[in-house]
K.L.:
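Encoded as structure tokens, here's the structure I'll be asking about.
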Amino acid sequence: MNISDRNIVPESAVSPEGSAAVTPMMKQYLEIKAANPDCLLFYRMGDFYELFFEDAEIASRALGIVLTKRGKHQGADIPMCGVPIHRSDDYLHRLIAAGFRVAVCEQTEDPADAKKSGAKSVVQRDVTRLITAGTLTEDSLLDARRNNYLVALVRAKASAPDAPSLFALACIDISTAEFRVMECDRLGLAAEIARIEPGEIIVSDALYGDPEIAGWLRELPVTPLTRDVFDGATAERRLAAYFAVATTEAFGTFSRLELTAAAACVTYVERTQLGARPPLSPPTREAVGASLMIDAATRANLELMRMLAGERRGALIGAIDRTVTAAGARLLGQRLAAPLTDPDMIAKRLDAVALFVADGLTRGEARAQLGAAPDLARSLSRLVLARGGPRDLAAVRDGLAAAAELARRLHQIAALPEEMAMAAQALVEPPIEVRAALAAALGDDLPYMKRDGGFVRAGYDAPLDETRSLRDESRRVVAALQARYAEETGVRALKVRHNNVLGYFIEVTAQHGEKLTAAPLNATFIHRQTLAGQVRFTTTELAALETKIASAADRALGMELDIFERLASLVTEAAEPIKRAAQALAALDVSSALASLALERDYVRPDVDRSLDFCIEGGRHPVVEQALQKDGGPFVANDCDLSPPQGAGAGRIYVVTGPNMAGKSTFLRQNALIAVLAQMGSFVPARRARIGVIDRLFSRVGAADDLARGRSTFMVEMVETAAILNQAGERALVILDEIGRGTATFDGLSIAWAAIEHLHETNRCRGIFATHFHELTALSAKLARLHNATVRVKEWHGDVVFLHEVVAGAADRSYGIQVAKLAGLPTAVIERARLVLAQLESVDRTSPARTLIDDLPLFAATRAAPAKASERDALAEALAALNPDDLSPKEALEALYALKLKAKQN
Ligand code: ADP
Ligand code: MG
């Protein structure tokens with residue numbers, strides 16, 4: 001959603017003529033709003049953020065809060081709604097999630113100072129923060145276990161009219177400092193965006209309206225921006241300025257397009273953070289093909305990160321996540337979203353997992369240490385942005401302590417695999433003084449906000465201790481004063497109390513009020529307020545004490561805040577090594593978590609090499625297996641060998657037939673998932689697995705509904721199939737589940753037939769094809785690398801028993817009727833279907849009719865049921881009773897009428 005195209009400030013309101021009519025406050029509001037036209041403006045008034053005009057209407061609708069009005073503007077009521085400060089995070093969260101951007105406008109001077117400069121003047125206000133979906137840092141606005149990316153997208157000017165487009169994208173998570181750039185083509189772009197799942201994408205206005213990608217962009221959280229943000233000429237300079245370096249060359253070589261995207265990202269970050277620069281790692285370049293390419297449809301279909309319905313539980317990530325830190329969970333998500341394609345790098349990750357599998361002691365200790373480590377990266381970024389609190393300092397303290405402990409443990413291991421050796425090194429990089437200073441300064445019980453004070457440990461700073469005891473001492477004096485006044489007045493219920501309006505005051509019940517207002521006590525007690533039940537007073541002594549307490553408390557807080565700043569800048573100066581230590585902790589969490597998973601679920605280390613093999617022995621589906629275990633059922637392990645047959649230069653294609661519910665889809669997906677797991681560097685659910693590295697993974701399901709996008713399911717299926725046939729190479733793995741199901745049988749069969757031929761002859765990829773069309777199994781006679789497999793079932797007294805066992809061969813039939821019976825179709829329908837089937841099968845087993853029998857949807861084959869036997873019998877009896885020779889013409893006619901009536905009654 002975007003509101004930039006709406007100008008919600010009436011033109012005349014900011015023009016000189018119009019301004020005469022508006023109040024000073026409204027004038028200020030309109031000016032600030034005019035400077036932030038594409039944001040909802042949260043305008044601070046006392047304990048509320050108020051929204052006005054159309055902002056108020058939008059927010060009240062989006063948040064379900066009451067729309068009121070305040071004053072008039074040019075004769076019309078000004079719509080208004082407000083959110084209380086203390087609940088603003090919650091409301092912000094909902095507005096951001098709904099796609100809005102919010103500008104937070106605070107009071108930047110003390111209201112008391114504003115009063116001094118005249119009765120009519122308004123408190124100075126300014127926007128202190130722009131909140132957008134891609135630039136969040138607050139824990140309350142973020143999902144701890146997922147990254148939140150901002151992506152800048154640019155396109156190169158076409159070199160020739162028909163040249164394919166080249167894109168670059170830069171991707172930043174300011175809450176964790178990650179920064180990557182890459183180039184890709186149009187198809188790669190869609191796959192990358194599907195992988196990254198950005199919180200916000202920025203593009204130039206021009207690109208936003210470009211027909212090549214406009215339709216696709218509209219479905220994404222896009223913010224169009226003016227072209228200066230995407231200016232190629234100044235890109236390198238802006239990027240260098242962000243990192244305060246003379247040139248970006250030290251970061252590596254980038255194309256002009258990549259620099260433009262990277263610069264756009266940091267420029268937008270600076271704008272939304274109003275000039276502050278969150279700590280970012282220098283951009284790293286992601287080479288094309290470094291990760292397994294998985295397009296959006298395949299990702300959705302394999303349910304890697306979320307189920308088709310949207311939730312994370314039930315998806316692969318949910319089944320394999322054993323991480324104990326939020327940063328670990330984020331890294332696991334990244335690795336799962338982008339499996340590697342370099343066997344050596346995969347092996348390095350697997351080495352780390354293998355060490356944790358083999359060394360239970362280290363694993364146990366690492367998991368315990370990690371469990372105590374807070375979210376170092378996100379606390380760090382808040383501290384650098386001056387948005388941190390005492391608990392963020394404590395997070396750094398505890399995170400660094402865990403890092404040091406873990407490093408100590410790892411350094412005891414003689415032969416650390418490379419990935420872990422690098423992590424162990426990074427863990428000890430942050431300067432020891434930072435941790436020492438934090439440990440010495442911070443108390444045990446920490447407030448959320450630094451302005452609440454009380455976070456510095458007693459004994460850390462002598463002047464602070466002194467001021468605090470002055471403050472506390474005075475509080476004791478107040479207590480003593482209460483006792484003395486009670487004594488002097490003889491009012492035992494006299495209390496010294498405190499509130500924000502009056503400060504300290506003396507309170508007695510109404511019945512004692514008169515006594516204090518009369519002589520002689522009125523010489524001491526000064527009346528302040530009379531309420532229904534109480535009367536309140538002060539004394540010069542109490543007032544003096546109050547000043548003393550307040551100033552001591554103020555001074556103590558001021559000193560604490562100074563200490564906070566000192567500690568925060570210590571942390572900021574060490575941001576780089578702390579960030580690397582945080583990344584190392586996350587990597588160790590992922591390796592040890594995958595090791596725990598492997599042990600718990602009996603996974604093995606896969607062999608990933610540069611061959612074209614794909615040989616899984618005893619493979620299982622990682623999600624279905626766990627789901628079945630909860631219900632007590634065993635999962636049947638299955639082999640799959642798509643390796644090139646002897647002498648062939650390309651891998652095999654399985655054609656899997658078998659009835660509904662036999663386990664075809666499960667078999668297809670489990671092999672794709674095993675490949676994904678292996679290439680992300682995880683052990684896999686199998687007895688043995690050898691995989692020649694896969695560069696592209698495709699998975700499609702026939703006739704999947706895509707009603708939301710309003711396309712015919714068959715059309716979707718064909719568009720997606722076309723993408724595969726055009727793209728898959730010999731390193732691809734293609735999973736096609738009942739393609740061709742969404743149209744008439746012969747159409748579908750023909751398309752499936754041709755698609756298999758194309759995959760076999762032209763794409764020459766490895767693949768598994770599940771189908772209802774048994775005719776397709778005949779293709780194996782013609783295509784050398786085609787292999788027929790079927791999922792076994794057993795017939796038992798007319799029922800079908802699923803064995804879930806994949807064996808060589810073709811299914812002889814679909815068992816549709818048996819499955820329908822299991823599904824609870826009425827017995828009459830089942831019986832009739834059996835009859836029809838027998839009839840059709842007896843006609844000619846080789847004719848196309850056979851295809852119809854097997855694949856026609858069940859109800860298409862059921863014709864109108866014949867009359868019931870009893871009905872037929874009644875008519876037959878009546879007919880039998882007639883003797884035509886005995887009837888007169890009239891009687892015959894009457895008999896005929898009677899018969900007709902009988903038939904009708906039935
Ligand atoms: P199909 O695609 O052939 O219609 P599915 O793959 O959807 O069948 O499987 C149907 C159900 O059978 C699954 O939901 C699962 O519960 C069970 N199933 C599938 N494969 C296995 C297996 N290998 N072991 C045990 N149960 C299985
Ligand atoms: Mg299926």
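Atoms within a ligand are numbered from 1 in the order they appear, just like the ligands themselves. This chain uses plain numbering: 1 for the first residue, then up along the sequence.
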K.L.:
Should Asp295 and Arg700 count as an ion pair when the cut-off is N to O under 4.0 Å?
P.N.:
yes
K.L.:
Measure the spacing between NE2 of His758 and OG1 of Thr721 and express it to the nearest 0.5 Å.
P.N.:
12.0 Å
K.L.:
Which pair of non-hydrogen atoms, one from Asn763 and one from Leu725, has the smallest distance, and what is that distance?
P.N.:
ND2-O, 3.0 Å
K.L.:
Identify the closest protein heavy atom to atom 23 (N) of ligand 1: which residue and atom is it, and at what distance?
P.N.:
Val636 O, 2.9 Å
K.L.:
What are the two closest heavy atoms between Ala319 and Leu597, and how far apart are they?
P.N.:
O-CD1, 3.9 Å
K.L.:
Got a salt bridge between Asp321 and Arg145, using NZ or NE/NH1/NH2 to carboxylate O under 4.0 Å?
P.N.:
yes
K.L.:
Could an N or O of ligand 1 be found under 3.5 Å from any N or O of Phe635, whether backbone or side chain?
P.N.:
no
K.L.:
Does Gly658 come within less than 4.0 Å of ligand 1, judged by its heavy atoms?
P.N.:
no
K.L.:
Check ligand 1 against Asn660 and write out every atom of the ligand that is under 4.0 Å from a heavy-atom position of the residue.
P.N.:
4 (O)
K.L.:
Does any N/O atom on Phe667 come nearer than 3.5 Å to any N/O atom on ligand 1?
P.N.:
no
K.L.:
What protein heavy atom sits nearest atom 15 (C) of ligand 1, and how far away is it?
P.N.:
Val624 CG1, 4.2 Å
K.L.:
Quick one: look at Leu628 and ligand 1, take heavy-atom pairs under 4.0 Å, and tell me if it's side chain, backbone, both or neither.
P.N.:
side chain
K.L.:
When the ring planes of Phe667 and Tyr654 are compared, do they come out parallel, tilted or perpendicular, using 30° and 60° as the limits?
P.N.:
parallel
K.L.:
When you measure from atom 8 (O) of ligand 1 to every protein heavy atom, which one gives the shortest distance, and what is it?
P.N.:
Gly663 N, 3.0 Å
K.L.:
May I ask you to say whether Arg306 pairs ionically with Glu197, meaning some side-chain N is under 4.0 Å from a carboxylate O?
P.N.:
yes
K.L.:
Would you compute the distance between atom CZ of Arg669 and atom OG of Ser699 and round it to the nearest 0.5 angstrom?
P.N.:
5.5 Å
K.L.:
Return yes when Pro659 approaches ligand 1 closer than 4.0 angstrom through a heavy atom, no otherwise.
P.N.:
yes
K.L.:
Starting from atom 7 (O) of ligand 1, locate the nearest protein heavy atom and write down its residue, its atom name and how far away it is, to 0.1 Å.
P.N.:
Ser665 CB, 4.0 Å
K.L.:
Heavy atoms, side chains only, cut-off 4.5 Å: are Arg335 and Arg349 in contact?
P.N.:
yes
K.L.:
How long is the straight-line distance from CD1 of Ile294 back to CZ of Arg195, given to the nearest 0.5 Å?
P.N.:
9.5 Å
K.L.:
May I ask you to say whether Arg620 pairs ionically with Glu625, meaning some side-chain N is under 4.0 Å from a carboxylate O?
P.N.:
yes
K.L.:
For the pair Arg690 and Glu617, find out whether any cationic side-chain nitrogen is under 4.0 Å from an anionic carboxylate oxygen.
P.N.:
no
K.L.:
Considering distance alone, does some N or O of Thr666 sit under 3.5 Å from an N or O of ligand 1?
P.N.:
yes
K.L.:
Quick one: does Pro634 get a heavy atom under 4.0 Å from ligand 1?
P.N.:
yes
K.L.:
Do other residues, nucleotides or ligands put more than 12 heavy atoms under 6.0 Å from the CZ atom of Arg605?
P.N.:
yes
K.L.:
Judged on heavy-atom distance to atom 26 (N) of ligand 1, which of Glu738, His804, Gln670 sits nearest?
P.N.:
His804
K.L.:
Based purely on interatomic distance, does Met661 place a nitrogen or oxygen under 3.5 Å from a nitrogen or oxygen of ligand 1?
P.N.:
yes
K.L.:
Which residues and atoms, counting only protein N, O or S, are under 2.8 Å from the Mg ion (ligand 2)?
P.N.:
Ser665 OG
